[in-house]
Amino acid sequence: MEIYRLFIDGIWQDGVMGTRDIVSPSTEKAVARIPVAGLVDLGRCLAAAVRERDPWAKTDVSQRAAILRRTAEILARKIPHTVRQMVGEQGKTLSEASDELDRSLETFLWNARQAEELCKPVHIDELRTLLYDPVGVVAAFTPWNYPAVITARKLAPALAAGCTVILKAAEEAPAAAVAIIEALHEAGVPRGVVALVFGDPPMISTHLLGSPEVRMVTFTGSTRVGKELAVLAARNLQTCVLELGGHSPVLVFEDADISTTVRAICEYKFEYAGQSCNAPSRIFVQRSRYLDFARQLVGLAAEIRVGPGEDPDVQMGPMIGPQGPARMQRLTEDAVEKGACLALGGHPLERKGYFWPPTVLTDVPSAARIMSEEPFGPILAIAPFETLDQAIELANLSSYGLASYVFTLSEKTQRDVVERLSGGSVSINILKGVAPDVPITGTGDSGYGHEGGQEGFRAFQSLKLINRTGR
Ligand code: NAD
């Protein structure tokens, strides 16, 4: 049983509100205990973050970058232990957890490399200069699905830019955030510059955003919570970066290589049991290849080995909690009631844990809830389309606008689709696309602001324009 602590003003400590147990989604047994922060703890985080704001902002950027590089080195040594913790807490497979930790190291290193360039003044001409100052105290909220890489995508640029940060990490998956904060501490981040808390999320966000000293909120999670935070942030005009839900469409045109497409969709869709914000979830296939596509997809998805992530032969683990399989069941039943055909899966696995098997629904009508509600689980909904116009219309029907994918060999179709699909990214003949050097963003219910890349770094800076006279 892992016992975690809060990290406040450079000291690991208990929370004033007691503790809470974390249950493994594979066994439903307690695997870890987290502290619960109270108002006193948050007050101390805030006081330290405000106290350290100016000294950290004035610390030479090369020194801040060096700390990030050391953090990556220290974190690399922690990977084997952290992987086991993540697998136990979250139900990820061993390779999913270790790949994610590798990506978080790369994120620290990439931001360290960018820091000096992005903190330099920019001279517009001889008389005008732009300064890029840190925004100040940041409140960061991370979700449980990618607790290592999303934590890195927030902390690395924020700290490199010279901000102090209070991180409320996901209570469900504390290990990665704890490992990252330990690494930052060992790497020499001064006390008070970064804090880590767990507890009652609405209480923590209300308290932190209620302070005018906090100047920015960066949140990754559901649209519902993102909207609540935007309302809270409005009172003190705090800047928001909101990376929210998604319901990514895939358009498969008749000239696509069907077996490559099916393999790419299965690989990404069933990673971490479909609990990825930009996993494909609505698949539209041109009529002439529809049956072939559906047959191949069902065949490949049926081969996925489901079980506890600790087993190295397992390819897909459980969902994070009991609400996951319950949501899958509700969406499946609704789709079938409305005329969809259940081609694979569709029933919870009869074993301990929150397991839901790879599920494929075909001929799903637009009226089925799964076509508009983010499934956030291992279900694929497939429907045919006839023309490019119809495909674009179906894809753009969602209120979300995060990622979309298109499979076609025709350059003309690729150009048309890129121009007409809404959302934050379009990937052609490939799935995935999140990397340290590129920003992700959403439109509509998927949020706003940038995370990752130079734009994501700049999100933690405020601009100051300096005008001079010629004399
Ligand atoms: P959630 O919004 O309930 O929780 C996400 C995180 O926010 C957790 O750490 C939770 O403790 C915290 N949280 C919850 N209520 C809060 C509040 N009032 N104030 C502050 N923090 C609060 O979402 P979830 O269901 O746990 O996660 C899945 C959702 O996150 C999905 O909608 C998914 O698409 C989205 N997500 C988006 C991205 C992205 O980059 N766009 C990445 C991962 C997850």
Side-chain angles (χ1 to χ4, degrees), residues 49-50 52-69 71-72 106-140 152-165 189-190 193-194 212-219 230 233-234 236-243 401 415 418-419 422-426 433-443 446-471:
V50 172
E52 295 306 318
R53 179 189 52 214
D54 294 346
W56 181 242
K58 288 188 185 119
T59 300
D60 197 83
V61 60
S62 62
Q63 227 173 305
R64 298 199 298 257
I67 290 176
L68 294 196
R69 277 193 293 275
T71 301
E106 285 165 26
T107 305
F108 273 98
L109 293 174
W110 186 85
N111 281 283
R113 284 198 297 277
Q114 298 298 310
E116 291 199 35
E117 192 56 37
L118 292 177
C119 291
K120 267 189 197 157
V122 171
H123 301 290
I124 299 169
D125 54 33
E126 279 174 9
L127 302 178
R128 293 171 303 166
T129 303
L130 280 176
L131 301 183
Y132 289 88
D133 292 335
V135 291
V137 178
V138 174
R153 285 169 73 82
K154 294 185 191 304
L155 291 191
L159 294 171
C163 300
T164 55
V165 189
V189 166
V193 166
V194 66
E213 299 284 10
V214 170
R215 296 317 312 146
M216 175 175 169
V217 50
T218 170
F219 170 77
N236 285 311
L237 289 181
Q238 286 132 338
T239 311
C240 293
V241 171
L242 302 173
E243 301 293 341
R415 276 196 305 276
V418 165
E419 200 175 293
S422 55
S425 72
V426 181
V434 179
D437 58 344
V438 288
I440 57 164
T441 188
T443 59
S446 294
Y448 51 76
H450 298 104
E451 187 161 282
Q454 297 199 342
E455 291 78 1
F457 192 112
R458 292 265 186 242
F460 293 99
Q461 295 178 312
S462 60
L463 276 182
K464 193 186 281 170
L465 171 65
I466 311 301
N467 291 303
R468 290 185 190 83
T469 65
R471 288 178 285 124

Notebook entry, point to check: With a 4.5 Å limit on heavy-atom distance, are the side chains of Q238 and M216 in contact?
Noted result: no

Next item on the list: Provide the closest heavy-atom pair for P121 versus L131 in the form atom of the first, atom of the second, distance.
Entry: CB-CD2, 3.7 Å

Margin query: Contact between L159 and F460 at the side-chain level, heavy atoms closer than 4.5 Å - yes or no?
Written below: no

Margin query: I need the minimum non-hydrogen distance between E451 and K154, along with the two atoms involved.
Written below: OE1-NZ, 2.7 Å

Next item on the list: For residues W56 and P190, report the shortest heavy-atom separation together with the two atoms involved.
Entry: CZ3-CD, 3.4 Å

Next item on the list: Taking all heavy atoms of A156 and all of L68, pick out the closest pair and write down the distance.
Entry: O-CD1, 3.4 Å

Checklist line | Check: R153 and I440 side chains under 4.5 Å, non-hydrogen atoms | finding: yes

Note to self: Counting C-beta onward and ignoring hydrogens, is there a side-chain heavy-atom pair between V61 and L118 closer than 4.5 Å?
What the structure shows: no

Item checked: Euclidean distance, F457 CZ relative to Y132 OH, rounded to 0.5 Å -> 11.5 Å

Checklist line | T129 (side chain) donor-acceptor with V122 (main chain) under 3.5 angstrom | finding: no

Notebook entry, point to check: If you take all heavy atoms of R468 and E126, which pair is closest and at what distance?
Noted result: NH1-O, 4.4 Å

Notebook entry, point to check: CG/L127 to CG/N467 distance, rounded to the nearest 0.5 angstrom?
Noted result: 8.5 Å

Margin query: Could you report the tightest heavy-atom contact between S462 and V135, atom names first, then the distance?
Written below: N-CG1, 3.9 Å

Checklist line | Nearest-0.5 Å distance, OG1 of residue T71 to CG of residue L155 | finding: 9.5 Å

Check: Tell me, do F219 and V241 make a side-chain contact under 4.5 Å, heavy atoms counted?
Finding: no

Margin query: With a 4.5 Å cut-off on side-chain heavy atoms, are V214 and N236 touching?
Written below: no

Check: Could E213 and R53 be called an ion pair, given the rule that one side-chain N must be under 4.0 Å from one carboxylate O?
Finding: yes

Notebook entry, point to check: Of the options N111, T107, L109, which is the one that meets P436 in a side chain to side chain contact (heavy atoms under 4.5 Å, CB included)?
Noted result: T107

Check: Is the backbone N or O of F108 less than 3.5 Å from a side-chain atom of R113, with the two atoms forming a donor-acceptor pair by type?
Finding: no

Checklist line | Approximate separation, where rounding is to 0.5 Å, of R215 CZ and L237 CG | finding: 7.0 Å

Check: Just how far is it from atom SG of C119 to atom CZ of R64, taken to the nearest 0.5 Å?
Finding: 5.0 Å

Next item on the list: Measure the spacing between CD of E117 and CD of Q454 and express it to the nearest 0.5 Å.
Entry: 8.0 Å

